[in-house]
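Just below is one structure, and these are the notes that go with it.
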Amino acid sequence: MRRPTTLSALGYLRQLHKRWGVRSLVQALKMYRFHRVPFETLLTDMFGALDTYAAKFAFPIVALVARMRPDLVQMIEREGHEVASHGFNHLRYPNLTPQAREEDIVSSLAVFESLGVRVRGFRAPYNNYTDDMPLLLDRVGILWDGGFGYRPEHRGRHMFFHVNHRGRRLSTTFIPLNAWSDDRMIDTDGMGPSQITRRLVHEVTRVADLGGVIMFDFHPVRFGQPQYVGCLARLVEEAHSLGGWCPTPAEAVEYWGQHGRWPGDARFCLLLTGDIDNWVFSDYLRRVIWARQARHLRVR
Ligand SMILES: [Zn+2]
């Protein structure tokens, strides 16, 4: 028997440095700074930014992380927003066996059910899917998926799409995911709030002209920060003035499925989502430990 895994913050940073180099250390430091704002504050500020136009937001959450703070997960639902699954433990699905992939998704859904939260949507960690995952999502009854559509061949779409398997249309609705995510704009491209707002308004205006749907991934850990939450408010305001509808993805998919159009005189649909991978910085360490234990206890 191996000894239970222990991992200190320093040990984690040392490992990061050894494995991924200086850039990962800089990234870890950035995340550490972002996590100094309590998650409850990040969420409350985001809800405030959405409120004026009654815009909705969906949060794909890692189930093991969700279990640490049921109060926050339930608060999201209570405020009228949507909770979705972001897997059980934020693993890369292509590295798992088909059976482990299914186990991971099914266990994540069981966690949310035990918290009394209704989950109908899914986004794989790192937007990383295998070709057979649409079949798996269909089998476990996922209504919408917000990550498969990040594949380069789907990213340019501006409408929901379905995947066929042996001549049958699978039940899950796939939503194209826009490439302008918060991590790309803030961490990779170093854009400031006004540049971010300009870029997002540009993207939304394009889709408004096409009458389609646009989905963004804005992680609350960045987009809920005081310096960026205004971008969200501006985006929602602009979408409203362009005649956009901003419901939860589940609402949008159900409405379109029944009516084949947007409600009232809405010209297009804006879907706001943001993954929650951690509540606090130490959850990164915790997830590494959980992954090690899962590998160790492979037969679960
Ligand atoms: Zn994630």
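Counting convention: from 1, in listed order, for ligands and their atoms alike.
Per residue D277, closest N, O or S atom to the Zn ion (ligand 1): atom name OD1. The name of the N, O or S atom in H86 nearest to the Zn ion (ligand 1) is NE2.
For H154 and R157, the side-chain atoms include at least one donor-acceptor pair closer than 3.5 Å. Side-chain contact annotation: D138 with S171, donor-acceptor N/O pair under 3.5 Å present.
Between the side chain of D283 and the backbone N or O of V280 there is at least one donor-acceptor pair closer than 3.5 Å. In this structure a side-chain-to-backbone donor-acceptor pair under 3.5 Å is present from H86 to R123.
Look at H90 and the Zn ion (ligand 1): an N/O/S atom of the residue is under 2.8 Å from the metal.
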